[in-house]
Each structure stands twice: as structure tokens, then as C-alpha cells.
Trainee: 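Okay, here's the structure, questions in a sec.
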Amino acid sequence: MKCKVCGAIINDPMAEYCSNCGHNLLENGLLDIGSDADNQNQPQNTLEQKEPQVPPQPMGKYWEAPQPQAPPQQIPPEKKNSSGAKWIVLTSVIAVLLVSVGVGVFLYFDHSKTTAIDQFKIKVSGFEGIKSQYELGKFETEYENVIGRCNECIEEKNVNVIDVLEEQMEDVKNNVIDNNNEEIDKCKEEIQTLKNEYIKENERLQVENSIKQADALMAEQKYKDAYEYYEKALEVLREQKQGSASAASEDTDVANGTQADAAQSAWSTQNEYYFWDSDTRYLTTSELSSLSEEQLRLARNEIYARHGRRFESDDIQRYFDSLSWYHGTIEPKDFDDDSLNKVESANVKKIQDAEKALKGENKTNSSTEKIYGFYIYDSDIRYLTKDELSVYNAEELRIIRNEIYARHGRKFTSKDLQKYFNGCDWYDGCIEAKDFDDEMILSELERANIKLIQKVEKEKK
């Protein structure tokens with residue numbers, strides 16, 4: 001007999017449990033070895049079909065058959081730890097962000113620094129200009145030192161000292177102006193004292209004209225040129241005083257008398273001109289307004305006569321032949337107007353305008369002539385008048401007003417204005433409109449002219 005469960009041979013017919021698998025033989029029963037049916041149901045390959053043998057278990061009242069074991073659980077392969085890689089990526093991103101922020105901050109501050117330095121350059125340029133307007137005198141060394149420190153600041157882009165340097169520039173400028181005013185006041189006071197006591201009657205008019213021109217230059221803030229006029233008048237007055245004192249003295253100083261004669265001779269030569277310096281300075285409307293039409297004609301032609309030009313008009317030729325300084329050597333057809341310098345050409349044009357005004361010849365919109373590309377070439381050195389502006393239309397006045405800005409290199413937001421000034425040979429636009437400081441760059445005279453032009457503009461619209 002054999003066990004139906006495991007097929008083990010059971011020799012003991014009375015056995016209660018299979019000695020091989022432990023199953024209850026009474027419940028499962030035994031299989032007869034000799035049964036054909038059983039033999040036929042037996043698999044051919046008993047080795048392959050044979051169930052795994054379970055070791056015999058002790059039999060007892062409470063014994064239970066062993067439970068089939070679960071197949072071994074497959075442990076999934078361990079995932080690689082990715083936290084390290086994530087940390088590297090995060091660190092890289094943070095580093096890139098920090099670098100980007102750092103570069104952005106650097107570029108911002110660098111741009112701010114560049115803007116501050118550019119604005120400071122403009123202020124330094126304006127400060128340098130006081131040397132042409134004022135006598136520096138005892139403040140020259142201080143002026144040069146401040147200029148040197150400003151240039152170092154610009155070169156090193158040290159924005160931290162800009163405020164201090166601007167204060168120093170303002171202090172030096174105020175000191176220079178105050179000193180010029182003091183010196184000129186002293187000069188004028190001495191002139192007034194000497195004029196009434198020592199000057200001859202026939203010389204009084206010339207001295208007063210010189211003082212008048214000096215006063216006009218003072219109004220234009222051209223202290224340096226004004227001081228020269230005061231000095232010339234004072235020099236003659238001092239010579240007169242010295243000559244008078246020598247004549248009254250028993251011991252007449254011949255040398256002093258000779259010097260006085262030389263000074264008087266030089267002054268007399270100047271008296272033969274309407275404007276003895278019309279070749280070196282721009283004439284003003286106010287001083288031309290006091291002359292008659294004939295006097296303006298002579299004043300205009302003396303600019304040519306100074307260069308030795310002869311004249312076709314007999315009356316003009318006779319007039320200049322009578323002057324000690326005139327030597328006419330160039331025939332009118334051979335004279336080249338290009339031999340006149342820039343100041344002389346401008347003064348000729350200005351006198352011609354004054355002559356036309358006296359004749360009642362008003363300018364028209366199409367006949368307005370420019371000098372060196374300017375409607376009004378000298379709006380930066382003299383005060384304009386409402387009368388001379390009245391001959392221009394509103395659009396021309398707009399250009400005249402902006403000429404004052406353009407002269408300093410200002411750029412314009414209006415495309416038509418920018419296009420116009422780009423076509424002017426003298427224009428060099430280098431300062432953006434937003435960076436242009438009217439108070440720092442424009443003189444008081446220029447700002448006054450702008451206000452007047454704006455007023456006339458409104459009346460024309």
C-alpha cells in the first residue's frame with residue numbers, strides 16, 4: 001500500500017499516519033500498489049513529478065500539517081540616493097543667481113557713477129570758464145588747485161568727493177567775483193576823483209565813452225574786458241594828474257612830460273575811431289543806437305580802412321585820408337573781404353542792420369540773414385532787446401532761443417530742432433537734454449535773454 005498524498009510505501013496496514021508526509025492515512029486512505037488505474041495515473045517520470053519530500057514530523061494530538069511556504073519575496077533593487085545630486089543642482093542655481101544679482105548691482109552702480117561723473121564734467125567746464133570772464137588775481141593758485149582736484153576726481157571716477165569739490169568751486173567763484181567787484185569799484189572811484197580835477201574839457205567825452213563801454217561790459221558779466229576799459233581811462237587820468245603836478249612844480253620832469261605826451265598821443269589816435277577796438281570785440285546794439293546813419297556808415301567802413309582799403313565814394317575817402325592812422329594802399333576791386341576776422345565780419349553785419357533799422361527797412365521772414373550759422377551770434381555776451389527780436393517770426397524766435405542752449409552742446413528732444421542744429425557747422429551736441437543744468441551752465445545774461453525771447457514768442461503766436 002502507499003500513501004495517496006506522497007506515494008510513500010506503507011508497510012504497516014495499521015499505521016494511522018504516513019511516515020513520510022505525516023498525512024492522516026485514515027482520512028486520506030491508502031492506495032493499492034497493484035491497482036492498474038492507479039498505475040496508469042502515475043506519471044511516467046516519477047522523478048520529475050514527485051512532490052518535494054517533507055521531513056517526518058512528530059505525530060501527536062495537536063500536530064498540524066506544515067503550511068506551504070510562500071515563495072521568497074523579491075526585494076526591489078535599492079534606488080540610488082539622489083539627494084546629493086539635487087543639492088549640487090540647487091547650489092549651482094543659487095550660485096548663478098547670486099552672480100547675476102551681483103553683476104546687475106555692479107552695472108547699476110557703475111551706470112549711476114558714470115552719469116554723476118558726466119554731470120560733474122559739465123559743472124567743471126562751466127567753472128573753468130570764469131577764467132575768461134574774471135581776473136583771478138590772488139585766487140589764481142586756489143583756482144588751479146581746485147581744477148586739478150576736479151580732474152583727478154573725473155579720472156578716478158571718485159563720486160564720493162563730488163559734493164565737496166562743487167562747494168569748493170562755488171566758493172572760489174564767489175571769491176573771484178567779489179574781488180573783481182572790489183577792484184573795479186576802486187578803479188571807478190579813482191576815475192571819478194581824477195576826472196573832475198585833471199581832465200581837459202575836450203577829453204572828457206572820450207573818457208566818459210570808455211566808461212560807458214566798460215559799464216556795458218559789466219552788465220554782460222565780462223569783468224575782464226570792462227576792467228581794461230576802466231584801466232585805460234584811469235591811465236590817461238593819472239598821466240594828466242602827473243603832468244599837472246609837474247607843470248606846477250619848479251623842477252619840471254621832462255621824462256614825465258614826454259610820457260604824458262605819448263599817452264595823450266595814443267588817446268588822440270583812439271579818438272579818431274568811432275570804435276577803435278571793433279576788430280577785437282563784438283559791438284552791442286545799445287552802443288550803436290546812439291549813432292546817426294552817417295556815423296554808422298563811417299563806423300562800418302573804418303573796419304575796412306583799418307586794413308588799408310581805399311574807397312570809391314569820394315566823401316568817405318576824404319574822411320579817412322584826414323586820419324593819422326589811415327594808410328590806404330588797396331584798391332576796392334582788389335580787397336578781399338576774407339581778410340576780415342570773425343569779429344570784424346560780425347560787426348560789419350551788425351552795423352548794417354542798425355543802418356537798415358534807421359532807414360525803416362524791416363527784415364522779412366525770407367530775408368533774415370545769419371552770421372556764421374546763427375540768427376543772433378552774440379546772444380551769449382550781450383543783453384538782447386525787444387525791438388531787435390520783434391523782426392523775427394515765432395518759429396525763428398524758437399530757434400534763436402534754442403541757439404543759446406545749442407551753443408553749449410545741448411541735445412534736443414524735438415526732432416525738428418535736433419535736425420536743424422545738426423545742420424549747423426558750429427553745433428556739437430554732446431549733452432543729453434535730461435543732463436543739461438541751466439543754472440550751472442548758462443550765464444545770468446543767457447537766462448535773461450531766454451526769458452525775453454519766450455515773452456516775444458508768446459506775443460507772436
Side-chain angles (χ1 to χ4, degrees), residues 119-137 139 143 146-147 150 165-184 213-230 280-287 342-343 346 350 371-386 388-389 397-412 421 424 426-431 433 435-457:
Q119 292 176 348
F120 182 63
K121 284 181 183 178
I122 297 170
K123 294 179 180 179
V124 173
S125 177
F127 176 70
E128 288 177 334
I130 69 173
K131 193 171 186 177
S132 63
Q133 287 182 283
Y134 308 98
E135 285 289 350
L136 298 178
F139 297 102
Y143 168 86
V146 172
I147 290 292
C150 289
L165 291 175
E166 287 180 351
E167 290 180 3
Q168 291 178 358
M169 286 192 292
E170 190 66 23
D171 290 342
V172 171
K173 182 178 180 180
N174 291 335
N175 289 336
V176 169
I177 293 175
D178 291 342
N179 188 63
N180 275 245
N181 285 328
E182 290 176 6
E183 293 298 322
I184 287 176
Q213 290 184 356
D215 290 341
L217 289 168
M218 283 287 290
E220 297 170 5
Q221 292 187 325
K222 302 188 79 64
Y223 289 75
K224 203 171 186 177
D225 295 335
Y227 189 75
E228 290 180 3
Y229 275 96
Y230 288 131
T280 59
R281 73 173 181 88
Y282 293 107
L283 303 179
T284 64
T285 303
S286 59
E287 60 188 326
K342 179 179 178 179
V343 174
K350 192 165 192 66
I371 302 176
Y372 299 106
F374 288 92
Y375 277 97
I376 300 181
Y377 65 92
D378 56 352
S379 59
D380 60 330
I381 60 173
R382 69 177 179 86
Y383 288 99
L384 304 180
T385 65
K386 189 173 181 180
E388 67 181 308
L389 293 175
L397 288 169
R398 177 174 175 246
I399 294 175
I400 292 170
R401 172 167 52 83
N402 283 288
E403 277 180 348
I404 298 174
Y405 294 100
R407 187 182 282 111
H408 293 279
R410 184 188 189 273
K411 292 183 178 181
F412 300 90
F421 287 113
C424 297
W426 54 266
Y427 176 67
D428 182 19
C430 57
I431 305 175
D435 298 327
F436 194 90
D437 188 344
D438 290 16
E439 293 296 325
M440 190 66 189
I441 299 175
L442 300 180
S443 67
E444 182 180 345
L445 180 147
E446 289 173 312
R447 293 195 295 271
N449 283 339
I450 288 172
K451 289 181 180 178
L452 178 62
I453 296 170
Q454 287 174 327
K455 182 179 179 181
V456 179
E457 270 185 275

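Note that these values count all heavy atoms, side chains included, but never hydrogens, waters or copies made by symmetry.
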Trainee: In sequence, state the C-alpha distance, the side-chain angles, and the governing distance for Arg410 and Ile441, and then conclude on side chain to side chain contact (heavy atoms under 4.5 Å, CB included).
Mentor: CA-CA 10 Å; Arg410 184 188 189 273; Ile441 299 175; over 6 Å; no
Trainee: Evaluate Asp438 against Tyr405 for side chain to side chain contact (heavy atoms under 4.5 Å, CB included), listing each step before the verdict.
Mentor: CA-CA 9 Å; Asp438 290 16; Tyr405 294 100; 3.4 Å; yes
Trainee: Give, for atom CD of Glu446 and atom CD1 of Ile381, the distance between the pair rounded to the nearest 0.5 Å.
Mentor: 10.0 Å
Trainee: Any idea which heavy atoms bring Phe421 and Glu403 closest together, and the distance?
Mentor: CZ-N, 3.7 Å
Trainee: Partners of Glu128 by salt bridge (charged side-chain N to carboxylate O under 4.0 Å, His left out), sequence neighbours excluded?
Mentor: none
Trainee: Compare every heavy atom of Tyr427 with every heavy atom of Lys411, then report the nearest pair and how far apart it is.
Mentor: CA-OH, 3.5 Å
Trainee: Between atom CG of Asn174 and atom CG of Asn179, what is the distance when rounded to the nearest 0.5 Å?
Mentor: 12.5 Å
Trainee: Just do the side chain to side chain contact (heavy atoms under 4.5 Å, CB included) check on Ile122 and Met440 with the steps written out, would you?
Mentor: CA-CA 8 Å; Ile122 297 170; Met440 190 66 189; 5.7 Å; no
Trainee: Applying side-chain hydrogen bond (donor to acceptor under 3.5 Å, both in side chains), can you list everything that pairs with Tyr143, at least two apart in sequence or on another chain?
Mentor: none
Trainee: Let me confirm one number: the CG-OH distance from Asn402 to Tyr375, rounded to the nearest 0.5 Å.
Mentor: 12.5 Å
Trainee: Does the side chain of Ile431 reach to within under 4.5 Å of the side chain of His408, using non-hydrogen atoms?
Mentor: no
Trainee: Can you give the donor-acceptor pairs under 3.5 Å from side chains of residues 447-456 to other protein atoms, not counting sequence neighbours?
Mentor:
unit_1: Arg447; atom_1: NH1; unit_2: Glu439; atom_2: O; d: 3.4
unit_1: Arg447; atom_1: NH1; unit_2: Leu442; atom_2: O; d: 2.6
unit_1: Asn449; atom_1: OD1; unit_2: Leu384; atom_2: N; d: 2.9
unit_1: Asn449; atom_1: ND2; unit_2: Ser379; atom_2: O; d: 2.8
unit_1: Asn449; atom_1: ND2; unit_2: Arg382; atom_2: O; d: 2.9

Trainee: Do you know the tightest heavy-atom contact between Met169 and Phe120?
Mentor: CE-CE1, 3.8 Å
Trainee: Kindly compute the distance separating CG (Asp380) from CD1 (Ile404), expressed to the nearest 0.5 Å.
Mentor: 8.0 Å
Trainee: Kindly indicate, with the supporting measurements, whether the criterion side chain to side chain contact (heavy atoms under 4.5 Å, CB included) is fulfilled by Glu135 and Glu183.
Mentor: CA-CA 10 Å; Glu135 285 289 350; Glu183 293 298 322; over 6 Å; no
Trainee: Distance from Arg401 atom CZ to Leu389 atom CG, nearest 0.5 Å?
Mentor: 12.0 Å
Trainee: Taking all atoms of both residues into account, what is the closest heavy-atom pair of Ile376 and Arg407, and its distance?
Mentor: O-NH2, 3.6 Å
Trainee: What's the spacing between Phe139 CZ and Ile177 CD1 if we round to 0.5 Å?
Mentor: 11.5 Å
